[in-house]
Protein chains: 2
Amino acid sequence: MVNKLLEVFRNSSLDDYAKLINESIVKREILVLIGKCSVDYTGRGESRLTDGDRVLIIKSDGSVQIHRPEGYKPVNWQPQTSVIEARVVDNKLVLTAIRDKPREILNVVFNEIYLLIRGRLTDNGEFVMYLNESDIRDLIYVNPWLIEDGLHIIGKEKDLGVGAVDLIGVDNKGKAVLIEVKRITASREAALQLYKYVEKYAKLTGAQPRGILVAPSFTTQALDTLKRLNLEYRELDLKKLWLLKKRNMGGKCGLDQLL
Amino acid sequence: MVNKLLEVFRNSSLDDYAKLINESIVKREILVLIGKCSVDYTGRGESRLTDGDRVLIIKSDGSVQIHRPEGYKPVNWQPQTSVIEARVVDNKLVLTAIRDKPREILNVVFNEIYLLIRGRLTDNGEFVMYLNESDIRDLIYVNPWLIEDGLHIIGKEKDLGVGAVDLIGVDNKGKAVLIEVKRITASREAALQLYKYVEKYAKLTGAQPRGILVAPSFTTQALDTLKRLNLEYRELDLKKLWLLKKRNMGGKCGLDQLL
DNA sequence: CGTGCCAGGTGCCGT
DNA sequence: ACGGCACTTGGCACG
């Protein structure tokens, strides 16, 4: 087996490296380049990085990222590019990646190349993310009693013109209830966001709705703001419910058996 | 030259791969692993990724990232880890990366390994970022006339208890001026942020300050909100000034010669 | 297109 | 540690 057609090059000539890179880009292969380089970026911002050893990755969709030996994030990058080109200038390999909208230019000058890997990777794997905000929103949509007895949810992601409120419902007294959901600790901003919806809803309908902020926890500033703006909150850590569900029941029960 | 001690392995045994990986982690080398794997993550969220070809990178600081063949962002990651360990389970290479605070676990099962690269990279390069928000803030701090004639800036990043206002100054009539700076198009949120500071400042001092939002452009919603809240704005694209400066003067002049 | 908002956001800096 | 916020934020969804 030719190892998934992954090719490794070292000690090639600069011209060969340039050719290898440009070929890979055309063929939409993945490319990993390890070497000593300096990087200039100009676009929305502007940056300059002097010489050092880095790992440069070009993916099949034309995204580029340059990694230093430390740090989770790339030091320079380009999410999408319209043009990537490698060429030899002054006996150095220069790689230019240009992005349109916003117009941004990434220029990498390699003073040394230690290693070039290229090849086609096939990835048809399915990625599923759980416990994101929409997950929680949907859970409440189906189980409104988690918030309050007698609550009826009547709308999800309702656009009010100033953004969409997560959930709209009616309580057991017939009063409208706007719900904003946060999957992590809710800040003052979250309270203000909810207030924005409440204000707009009142203006649109002429009726004052209740506003409930739902989150696993709240900053003191958030609680303060909620009180000041006459808004309510419910502490609800869906993550904990999720773990409980997984641990105790093996997923074979309804959520209502948890409490 | 031994190519910066970068080592490449392919067709090794699973036990050898595990050993190579664990060695690299102890020696704090950089490690690039290309192969077919599935990934499970649990922590703040929870995700599952089925089999496919990916590039996994472990850096010397223990950060881990798993890249699919497309997309700028890693599909799974771990910014810092307290423990990374590779071992062979059921004739498969399993890599576990654990992070404390928040407690998160990343589990990668390799069904095939195409390539392993490891080695020590040295990067003492200097990284400088220009045109970020603090850059613009400092520029206005030194050149307050960019905002208004007769303006005196007297404070920078002043914490008002609800967050820090970018700049505080006094206009030529002796009235306090709060300035909020945005490096990109200012939204309604930016206007609200400024209003928050203006409100708090008035409460703290008993005097109503002016509020000016400075940005290269404004959304219509931002302009609407500014008007409603009796706030001012200045269109100021420092990026353009920067480009002009670079293009026309070669950096040999003061900013005031630009206008 | 812009506008709004979530993200396992991350990172920095402050109290 | 919590809190507030910028980021070349990136990414998606929707009018």
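In what follows, chains are A, B, ... by sequence order, proteins preceding strands, each numbered from 1.
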Just call it for G163(B): base, sugar-phosphate, or nothing, with non-hydrogen atoms closer than 4.0 Å on any strand. sugar-phosphate
K158(B) NZ - dG4(D) C1' separation (whole Å): 17 Å
Distance, rounded to the nearest Å, where R48(A) contributes CZ and dT8(D) contributes C1': 17 Å
Quick one: on DNA chain D, does E180(B) or K101(B) contact a more 5' nucleotide (nearest heavy atom)? K101(B)
Please list residues of residues 188-197 of chain A whose heavy atoms come under 4.0 Å from any atom in DNA chain C, ordered by number; otherwise none. Q193(A), K196(A), Y197(A)
dC5(D) to dG8(C) separation - P atoms, rounded to the nearest Å: 23 Å
With a 3.5 Å cut-off and sequence neighbours excluded, list the donor-acceptor pairs that the side chains of residues 223-230 of chain B form with protein atoms.
unit_1	atom_1	unit_2	atom_2	d
T225(B)	OG1	Q221(B)	O	2.8

Which residues pass the side-chain hydrogen bond (donor to acceptor under 3.5 Å, both in side chains) test with R68(A), not counting sequence neighbours? D123(B)
Test salt bridge (charged side-chain N to carboxylate O under 4.0 Å, His left out) applied to D159(A) - qualifying residues, sequence neighbours left out: none
For the pair made of CG in D224(A) and P in dC2(D), what is the distance, rounded to whole Å? 19 Å
Just by distance, do the side chain of T219(B) and the backbone of S187(B) share a donor-acceptor pair under 3.5 Å? no
How does protein contact run along nucleotides 7-15 of chain C, one letter per nucleotide 5' to 3', with B for base contact, S for sugar-phosphate only, - for none, heavy atoms under 4.0 Å? SBSSS----
Rounded to whole Å, how long is the line connecting atom CG of L223(A) with atom P of dC2(D)? 14 Å
Test salt bridge (charged side-chain N to carboxylate O under 4.0 Å, His left out) applied to K156(A) - qualifying residues, sequence neighbours left out: D138(A)
Spacing of L160(A) atom CG relative to dT3(C) atom P, expressed in whole Å: 19 Å
Can you list every pair that meets salt bridge (Lys or Arg N to Asp or Glu O under 4.0 Å) and has a residue in residues 190-204 of chain B, with sequence neighbours left out? E189(A)-K196(B)
Rounding to an integer number of angstrom, what distance separates dA6(D) and dG10(D) when you compare their P atoms? 16 Å
Would you mind reading off the distance between D61(A) atom CG and dG11(D) atom P, rounded to a whole angstrom? 9 Å
With sequence neighbours left out, write down each residue that passes side-chain hydrogen bond (donor to acceptor under 3.5 Å, both in side chains) with S217(A), or none if nothing qualifies. T185(A)
Sorted by number, the residues of residues 214-221 of chain B with heavy-atom contact under 4.0 Å to DNA chain C: T219(B), T220(B), Q221(B)
If we ignore hydrogens and angles and just use 3.5 Å, is the side chain of D53(A) paired with the main-chain N or O of T122(B) as donor and acceptor? yes
Roughly how far apart, to the nearest Å, are dC7(D) and dG11(D) at atom C1'? 14 Å
Could you pull out all residues at least two apart from N107(A) that satisfy side-chain hydrogen bond (donor to acceptor under 3.5 Å, both in side chains)? T96(A)
Partners of E133(B) by salt bridge (charged side-chain N to carboxylate O under 4.0 Å, His left out), sequence neighbours excluded? R137(B)
Whole Å only: how far is the CG atom of L167(A) from the P atom of dC6(C)? 13 Å
List in chain and number order the residues that pass side-chain hydrogen bond (donor to acceptor under 3.5 Å, both in side chains) with D61(B), two or more places apart in sequence or in another chain; answer none if no residue qualifies. S63(B)
Donor-acceptor contact present, side-chain R234(B) to main-chain I147(B), <3.5 Å: yes
